[in-house]
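All values below come from the heavy atoms of this structure, side chains included, with hydrogens, waters and symmetry mates left out. Remember, predicted model here, so these are calculated numbers, not experimental data. Note that ligands are numbered from 1 as they come in the structure, with each ligand's atoms numbered from 1 the same way.
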Amino acid sequence: MQGTDFTRAILFSLLIFRCAVASCVGPAVRTVVEYPFKTWVENIAVRANGDLLVTLIDHPELHLISPFGPGNTTTEVSAFPDALGLLGIAEFQPDKFAVVVGNWSDVTDKTTAHSYSIWKVDMRPFQAIGSEVIRPAVVKKVVDIPEAVFLNGLTTLNWEEQTILVSDSGLGAVWKVDILNRSYEIILQDSTMAPAPPYNLGINGIHILHGHVYYTNSALELFVRMPIKPNGTKAGDAEILATNHFGDDFTFDNEGNAYVTEDPGNALYKVTPEGSVLTILGGANSSLIEGDTAAQFGRTPADSNILYITTNGGLVNPVDGPPTGGKVIAFNVHCQ
Ligand SMILES: *[C@@H]1O[C@H](CO)[C@@H](O)[C@H](O)[C@H]1NC(C)=O
Ligand SMILES: *[C@@H]1O[C@H](CO)[C@@H](O)[C@H](O)[C@H]1NC(C)=O
Ligand SMILES: *[C@@H]1O[C@H](CO)[C@@H](O)[C@H](O)[C@H]1NC(C)=O
Ligand SMILES: *[C@@H]1O[C@H](CO)[C@@H](O)[C@H](O)[C@H]1NC(C)=O
Ligand SMILES: *[C@@H]1O[C@H](CO)[C@@H](O)[C@H](O)[C@H]1NC(C)=O
């Protein structure tokens, strides 16, 4: 009996070991797409079918990338009028995405207040073969937000009500936008969201998990969470989870670990639910994920352990080496 238990224990350990090893097959890091030099990939959302949707901040364009297709194939889903670029993007209804459109210039590093709007992109009719669009997405402006100074991150608050939260890096506040009513209001404002020199870039990435809104503050180098009510209003004080990292956008895995991009820091750091903060990829002088701007996990069984990381190629703080364009990089988190 004891012998059987012992054998079982050994077999079980072997199985665990095998799974752990088997899940880290292939390269830990792979370049899915590399754009030409001076192309800033800013943000990313993933469709249920596995396609990646990426926004460019220095071209007013939304691109689609199949991570399973041949490398370097991108499809322009849509261009947007009267704007320099696109920023945050999130799915707010099945296969419908909300996007920030406006004028932040990577040439002057400055935002143009009163230039921002929220758009919606319905991907359901969309069809393409390679980079040729066969049937377009339905793209419509939701609303102009002329009072906004620098709209940046975007996340869905309530699917049924079709409400989103949008960070304003210039005001140090969060807007709630009702997509159906086309109405908007400032719903959160806090000292942990405030901007500061040199970039005047306060609250940046924003996501919701278990009744808390999480956000980075780039200028103050903070990663923060704050309890909120279902309608987005404050339900308690802000709690600082990490300091001394220039955070851009981020995402969570199923265990509640946050993966935070650092843009000029050229690294990715992880914040566990227990509060430990570890750099897990790249580094100050590494070109691996140089200028990492945002990250999202794959949504199919084949890539649920793959974190897709967007980059600007290090435009803000280039490391030594040949200049590179913005990228989409696939990182197998089981290989960390
Ligand atoms: C993608 O393009 C980059 C830059 O031109 C090139 O270095 C890389 O080899 C290409 N990758 C693939 C898979 O074609
Ligand atoms: C934003 O930039 C676009 C493209 O350069 C320009 O046409 C538009 O007037 C700008 N908007 C504002 C409010 O400055
Ligand atoms: C938006 O519309 C919904 C239902 O159509 C309504 O319940 C809600 O009060 C409206 N919100 C605003 C801010 O008008
Ligand atoms: C948000 O919900 C709370 C109750 O959870 C309510 O007291 C408050 O008035 C609501 N505020 C807004 C702006 O909808
Ligand atoms: C990066 O390079 C700079 C300049 O060479 C050096 O001072 C710094 O210590 C390096 N940082 C790391 C983390 O290696």
### Message
Test side chain to side chain donor-acceptor pair (under 3.5 Å) on N152 and S167; report intermediate values, then the result.
### Response
CA-CA 6 Å; N152 197 334; S167 66; 5.2 Å; no
### Message
Can a side-chain donor-acceptor contact be found between N266 and N285 if the only test is distance below 3.5 angstrom?
### Response
no
### Query
Are any side-chain N or O atoms of T261 and backbone N or O atoms of L268, one a donor and one an acceptor, separated by less than 3.5 Å?
no
### Query
Which ligand 2 atoms are under 4.0 Å away from a heavy-atom of A83?
3 (C)
### Query
Should L62 and F97 count as side-chain neighbours, where that means a heavy-atom distance under 4.5 Å?
no
### Message
Under 4.0 Å and counting heavy atoms only, is there anything from the protein next to atom 5 (O) of ligand 1?
### Response
no
### Message
Geometry only, no angles: is H114 polar-contacting ligand 2 at N/O separations under 3.5 Å?
### Response
no
### Task
Would you tell me whether Q162 and K96 have side-chain atoms, one donor and one acceptor, within less than 3.5 Å of each other?
no
### Task
Measure the distance from atom 7 (O) of ligand 4 to every protein heavy atom, then report the residue, atom name and distance (to 0.1 Å) of the closest one.
K229 NZ, 4.7 Å
### Task
Using atom types as modelled and distance alone, determine if a side-chain donor or acceptor of R299 lies under 3.5 Å from a backbone N or O of V46.
yes
#### Entry: Contacting atoms of ligand 2, where contact means under 4.0 angstrom from a heavy atom of S115
13 (C)
### Query
Protein heavy-atom contact under 4.0 Å for atom 9 (O) of ligand 2?
no
### Query
Do you know which of F250, Y259, F252 makes ring pair (Phe, Tyr, Trp, His ring centres under 6.0 Å) with H207?
F250
### Query
What protein heavy atom sits nearest atom 12 (C) of ligand 1, and how far off is it?
N72 ND2, 3.3 Å
### Summary
Residue, atom and distance of the protein heavy atom nearest atom 2 (O) of ligand 2 read N103 ND2, 2.4 Å
### Candidate pair N217 and F246, rule side-chain contact (heavy atoms from CB on, under 4.5 Å), full reasoning
CA-CA 8 Å; N217 181 315; F246 183 106; over 6 Å; no
### Message
Side chain or backbone, does N231 bring an N or O within less than 3.5 Å of an N or O on ligand 4?
### Response
yes
### Task
Check ligand 2 against T112 and write out every atom of the ligand that is under 4.0 Å from a heavy-atom position of the residue.
14 (O)
### Query
Who's the nearest protein heavy-atom neighbour of atom 13 (C) of ligand 1, and how far?
G71 CA, 3.9 Å
### Query
What are the atoms of ligand 1, with element, lying closer than 4.0 Å to any heavy atom of E34?
3 (C), 4 (C), 7 (O)
